Amino acid sequence: MNASAGIGMTSDRTRARMVEALRKAGIRDEKVLAVLLELPRHAFVEPGIASRAYEDTPLPIGHGQTISSPYIVALMTQLLLENGTPARVLEIGTGCGYQAAVLSKLVKEVYTLERIAPLMDKARRHLRDLRVYNVRFKHADGYKGYVEGAPYDGILCAATAARVPEALKEQLAVGGRLVIPVGSTEDQWLHVVERTATGFTEQKREAVRFVPLLPGLA
Ligand code: SAH
């Protein structure tokens with residue numbers, strides 16, 4: 001079966017309802033909404049929970065990790081694209097690969113880092129099934145970023161750090177932006193850090209809840 005076909009709760013109509021709900025929740029970027037309408041989110045989770053893939057909720061993907069809710073994926077992508085579309089993007093925390101797939105449809109080149117190797121392998125299969133070829137996967141510790149691919153026009157981090165890692169700021173191009181949840185388990189906010197010609201600016205945007213950014217490889 002075509003991965004994007006689906007029946008009932010995984011159908012195109014269900015996905016269209018998800019996109020309408022995101023619009024009502026304040027997602028305004030039509031390019032982002034168009035990608036979420038197109039991508040089969042249910043193909044990124046286990047078949048047993050595929051029928052819940054278009055609810056606005058995180059879902060388990062194994063190894064104690066979750067796929068972020070559709071709203072969070074849309075919001076982070078919208079924030080990343082706010083000042084224009086970046087060409088090269090680094091994602092930290094591949095998980096099941098859904099956010100990476102969204103980015104792959106909007107930007108030229110995506111690097112994605114994951115510390116849990118089996119999750120990365122599964123994400124790679126998901127993207128191959130969808131014939132996405134502009135995403136490079138690295139089994140690496142996102143705290144350090146990925147200097148070999150730097151500088152990036154955009155960096156999106158899908159796990160919470162106590163403070164913004166310096167390495168990620170350093171790997172931004174001038175004019176580039178980093179979207180990252182910062183805080184503790186109980187109190188986290190999405191921050192947008194932008195590199196200017198002379199330094200960095202930082203804005204605190206929205207209260208969120210992510211899994212923690214953990215050190216080292218698993
Ligand atoms: N982007 C995913 C969300 C994944 S959840 C989506 O589309 O839904 C966050 C992911 O970050 C988890 O898979 C977790 O293993 C990973 N992670 C946590 N700390 C990390 C680190 N230091 N380096 C790389 N990945 C990390």
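Counting starts at 1 for both ligands and their atoms, following the listed order. The structure displayed is predicted, hence computed values, not measured ones.
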Which of the numbered atoms in ligand 1 are below 4.0 angstrom from a heavy atom of [X]?
{"X": "L213", "result": "19 (N), 20 (C), 21 (C), 22 (N)"}
{"X": "Y98", "result": "7 (O)"}
{"X": "I116", "result": "15 (O)"}
{"X": "T66", "result": "3 (C), 4 (C), 5 (S)"}
{"X": "A140", "result": "23 (N), 24 (C)"}

* Heavy-atom contact under 4.0 Å between P212 and ligand 1? -> yes

* Asked: Can A101 be said to touch ligand 1, with heavy atoms closer than 4.0 Å?
  -> no

Looking at [atom], what's its closest protein heavy atom, distance included?
{"atom": "atom 15 (O) of ligand 1", "answer": "E114 OE2, 2.6 Å"}
{"atom": "atom 9 (C) of ligand 1", "answer": "A158 O, 3.5 Å"}
{"atom": "atom 19 (N) of ligand 1", "answer": "L214 N, 2.9 Å"}
{"atom": "atom 8 (O) of ligand 1", "answer": "S68 N, 3.0 Å"}

N-O pairing of [X] and [Y] below 4.0 Å:
{"X": "E20", "Y": "R17", "result": "no"}
{"X": "E148", "Y": "K138", "result": "no"}
{"X": "E91", "Y": "R136", "result": "no"}
{"X": "E114", "Y": "R124", "result": "no"}
{"X": "R23", "Y": "E30", "result": "yes"}

With a heavy-atom distance limit of 4.0 Å, tell me whether [X] approaches ligand 1 through its side chain, its backbone, both, or neither.
{"X": "A100", "value": "neither"}
{"X": "L119", "value": "side chain"}
{"X": "R115", "value": "both"}
{"X": "V211", "value": "side chain"}
{"X": "H63", "value": "neither"}

Does [X] reach the main-chain N or O of [Y] with its side chain, forming a donor-acceptor pair under 3.5 Å?
{"X": "T66", "Y": "P60", "result": "no"}
{"X": "H139", "Y": "M120", "result": "no"}
{"X": "N134", "Y": "K108", "result": "yes"}

Counting both backbone and side chain atoms, is some N or O of [X] under 3.5 Å from an N or O of ligand 1?
{"X": "G93", "answer": "yes"}
{"X": "I67", "answer": "no"}
{"X": "G142", "answer": "yes"}

* Asked: Does the side chain of R88 pick up a donor-acceptor pair with the side chain of Y152 at under 3.5 Å?
  -> no

* Have a look at K144, Q99, Q65 and point out the one with the heavy atom closest to atom 14 (C) of ligand 1. => Q65

* Asked: Just wondering, are more than 12 heavy atoms of other shown residues or ligands nearer than 6.0 Å to NZ in K144?
  -> no

* To do: May I ask you to check whether over 12 heavy atoms, not counting those of K169, lie within 6.0 Å of atom NZ?
  => yes

* Kindly indicate whether a cation-pi arrangement holds for R41 with Y98, taking the cut-offs as under 6.0 Å to the six-membered ring centre and within 45° of the axis. => yes

